[in-house]
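Single-structure report; data block below.
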Amino acid sequence: MKITSTSCICPVLVCLCFVQRCYGTAHHGSIKVTRNQTKHIEGETEVHHRPKRGWVWNQFFVLEEHMGPDPQYVGKLHSNSDKGDGSVKYILTGEGAGTIFIIDDTTGDIHSTKSLDREQKTHYVLHAQAIDRRTNKPLEPESEFIIKVQDINDNAPKFTDGPYIVTVPEMSDMGTSVLQVTATDADDPTYGNSARVVYSILQGQPYFSVDPKTGVIRTALHNMDREAREHYSVVIQAKDMAGQVGGLSGSTTVNITLTDVNDNPPRFPQKHYQLYVPESAQVGSAVGKIKANDADTGSNADMTYSIINGDGIGIFSISTDKDTREGILSLKKPLNYEKKKSYTLNIEGANTHLDFRFSHLGPFKDATMLKIIVGDVDEPPLFSMPSYVMEVYENAKIGTVVGTVLAQDPDSANSLVRYSINYNAEEDRFFNIDANTGTIKTSKVLDREETPWYNITVAASENDNPGLLSHVTVGIRVLDVNDNPPELAREYDVVVCENSKPGQVIHTISATDKDDFANGPRFSFFLDERLPLNPNFTLKDNEAAAAPSPSGFVHARETGACGPATQKPFCPPPG
């Protein structure tokens, strides 16, 4: 308490107050004012007031949230100039004066007329003054004082950011920090425990714990397994009054999800599998799938498949579908049921992203055995050769055997095979085939000079399944016989000069033959003996001529002939 001194000091009475919490009553003090007066000198009509002593005051308190029927008593202003005769008038000004706070101007009693909220305004600054009612002159200097709104515990702690969504890796060590939550309390942190918050866990034990002072949430168990349980809903409570009975509380929810780590190896559901693949499967095609399960997710479940051994390691290959995490089995070489009816593969699935912290839980791979059953398929007949070439002489009689094709049923049933020739509708049919034996014969007389080569297609089908066909190409070469006489290459019109010398070659003639080389040239040239001989010319066979172009020379027997000539020659003048 501060007392302002002047030259004269008068006794001052100060009543202090103790304010109880909202569940008690409030004791208020009074503010006393000392007043120094001079003696009344006889005959004087004016009393001189000397402000040698100011207000003596104490801070007032008023409880917030007062809900009583009557105005709440705050305190009392009192000047030592007040003799109780009503001559002193008390005036209150400042924040809330006349609206929130009213004063009895005679007694100096101050009351609060409204319920106040400390969280909106913590204190009010007011000014007090005492004046003489008769003269309206101040009896004391104006003094400033404070009415403080006293806190009560009327605000519960609040979590402003909840609900929370957080993650923590599975298999984390016990005590791993997950999240720190914070609750705020609008009450006065400097007064009592109204704003002193402690944290506790209402839901989520024994998996998680919370530090009562800091609000840090931690894991409370070792090796929490996502594959056993992934999601947790944890309810955290914040209670004021340091957690004492009667304190207010608020709560929030923390949704915690365990994130995956690679702590599970892949596992095949079975140790033995069986797969059926028909022998007609195409090389390069996918013939089956196999899958190992992994309880992990994302990249922790990625794996690759491989064939580690087995008698089918060169016949099949395996690849990994990254989307479905399946092993895709493909065919590398053709299958033949009649040669091998089954294969065995040992297949391994292994994780591609390892976490060495959990290597003790491995190995992170697994193997299984796959037996592949080759299915028998009714295949078309198989010819003994991919194609055939046969020969036949021209002018062969109809029905002459050209050759034989052979096809067999590759299946174990070994069905009988029937043969046929594929002809176009407008194509001449020079050949036919025995449906049972595959023997090809001529059906027309052949002429090599007209068609030296034939290509036909032979079809083979099984008796039991006529719709299942195979085809082969048969090339038939027509061999030549000497059935064509030679012919002069062209018509000759020879002109002979009259001054040609005897023995001079006047022309060269040549011949052709439609037959093959073996039955054609060489040719022999001679004059037709059936015609009369002309003594002026002779014909000489040119035996030295090249075989492909045989020729003969015509000679003049008397002078005057010039040659050889294929057109009208130039004849030199005689002499």
Side-chain angles (χ1 to χ4, degrees), residues 18-26 59-68 72 74 95-96 100-101 112 114-125 146-169 172 174-221 231-259:
F18 296 90
V19 179
Q20 193 173 347
R21 300 296 294 180
C22 60
Y23 1 88
T25 59
Q59 182 170 259
F60 288 149
F61 295 90
V62 59
L63 286 176
E64 67 169 332
E65 307 292 352
H66 177 71
M67 303 300 292
Q72 181 181 183
V74 178
E95 294 178 324
I100 300 175
F101 304 103
S112 172
K114 296 182 179 179
S115 177
L116 303 181
D117 186 356
R118 188 203 68 87
E119 285 69 47
Q120 291 185 359
K121 189 171 179 62
T122 59
H123 65 276
Y124 296 83
V125 178
I146 294 174
I147 298 178
K148 185 175 181 181
V149 181
Q150 183 64 53
D151 183 50
I152 64 172
N153 189 19
D154 60 340
N155 289 278
K158 292 182 179 180
F159 293 91
T160 57
D161 297 329
Y164 301 85
I165 299 175
V166 292
T167 61
V168 62
S172 295
M174 186 174 69
T176 299
S177 176
V178 179
L179 174 71
Q180 182 176 23
V181 295
T182 302
T184 58
D185 194 311
D187 292 322
D188 189 355
T190 64
Y191 181 80
N193 293 325
S194 295
R196 185 179 174 187
V197 175
V198 294
Y199 301 92
S200 61
I201 186 167
L202 299 182
Q203 176 183 309
Q205 294 175 320
Y207 308 102
F208 299 93
S209 64
V210 64
D211 187 295
K213 293 183 179 179
T214 64
V216 174
I217 301 171
R218 301 180 184 275
T219 58
L221 292 179
H231 301 288
Y232 296 84
S233 182
V234 178
V235 178
I236 302 296
Q237 182 189 71
K239 190 174 184 180
D240 60 16
M241 296 296 292
Q244 297 176 7
V245 175
L248 303 177
S249 64
S251 64
T252 189
T253 299
V254 182
N255 295 307
I256 302 175
T257 299
L258 299 184
T259 56

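When each of Val210, Thr214, Asp211 is checked for a side-chain contact (heavy atoms from CB on, under 4.5 Å) with Gln180, only Thr214 meets the rule. Among the candidates His66, Met67, Lys114, the single residue satisfying the side-chain contact (heavy atoms from CB on, under 4.5 Å) test with Gln72 is His66.
Taken to the nearest 0.5 Å, the CG atom of Asp161 stands 9.0 Å off from the OG1 atom of Thr184. Atoms CG and OG1, on Leu258 and Thr167 in that order, are 9.0 Å from each other to the nearest 0.5 Å. Atom-to-atom distance recorded for Arg218:CZ and Met174:CE is 11.5 Å, nearest 0.5 angstrom. Atom-to-atom distance recorded for Phe159:CZ and Gln237:CD is 8.5 Å, nearest 0.5 angstrom. Here the CD-CD1 distance, from Glu95 to Ile100, works out to 8.5 Å after rounding to the nearest 0.5 Å. Taken from OH in Tyr199 to CD1 in Ile236, the straight-line distance is 10.0 Å, to the nearest 0.5 Å.
Considering all non-hydrogen atoms of both residues, Lys239 and Val245 come closest at NZ-CA, 4.5 Å. Among all heavy-atom pairs drawn from Gln244 and Asn193, the shortest one is NE2-ND2, 3.8 Å. Between Asp188 and Arg118, the shortest heavy-atom distance links the atoms N-NH2, 2.8 Å. Among all heavy-atom pairs drawn from Ala238 and Ala183, the shortest one is CB-CB, 3.5 Å. Between Ala195 and Pro189 the shortest heavy-atom distance is CB-CA, 3.8 Å. When all heavy atoms of Ser177 and Val216 are compared, the pair lying nearest together is OG-CG1, 3.7 Å.
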Dump the intermediate steps for side-chain contact (heavy atoms from CB on, under 4.5 Å) on Val166 and Ile256, then the final yes or no. CA-CA 5 Å; Val166 292; Ile256 302 175; 3.7 Å; yes
Kindly indicate, with the supporting measurements, whether the criterion side-chain hydrogen bond (donor to acceptor under 3.5 Å, both in side chains) is fulfilled by Asn155 and Asp187. CA-CA 6 Å; Asn155 289 278; Asp187 292 322; 2.9 Å; yes
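For Lys158, the NZ atom counts as loosely surrounded, since its 6.0 Å shell holds 12 or fewer non-hydrogen atoms of other residues, nucleotides or ligands. Within a 6.0 Å radius of CD1 in Ile165, no more than 12 heavy atoms belonging to other residues, nucleotides or ligands are found.
Note: Tyr124 and Phe101 have perpendicular aromatic rings, judged against thresholds of 30 and 60 degrees for the angle between ring planes.
With hydrogens and angles disregarded, a donor-acceptor distance shorter than 3.5 Å links the side chain of Thr219 to the backbone of Gly175.
Two residues are said to be in side-chain contact when any heavy atoms from C-beta on lie closer than 4.5 Å; Asp117 and Asp154 meet this criterion. Contact check for Pro157 versus Asp240: side-chain heavy atoms found under the 4.5 Å cut-off. Using a 4.5 Å heavy-atom cutoff, the side chains of Ser233 and Thr253 are in contact.
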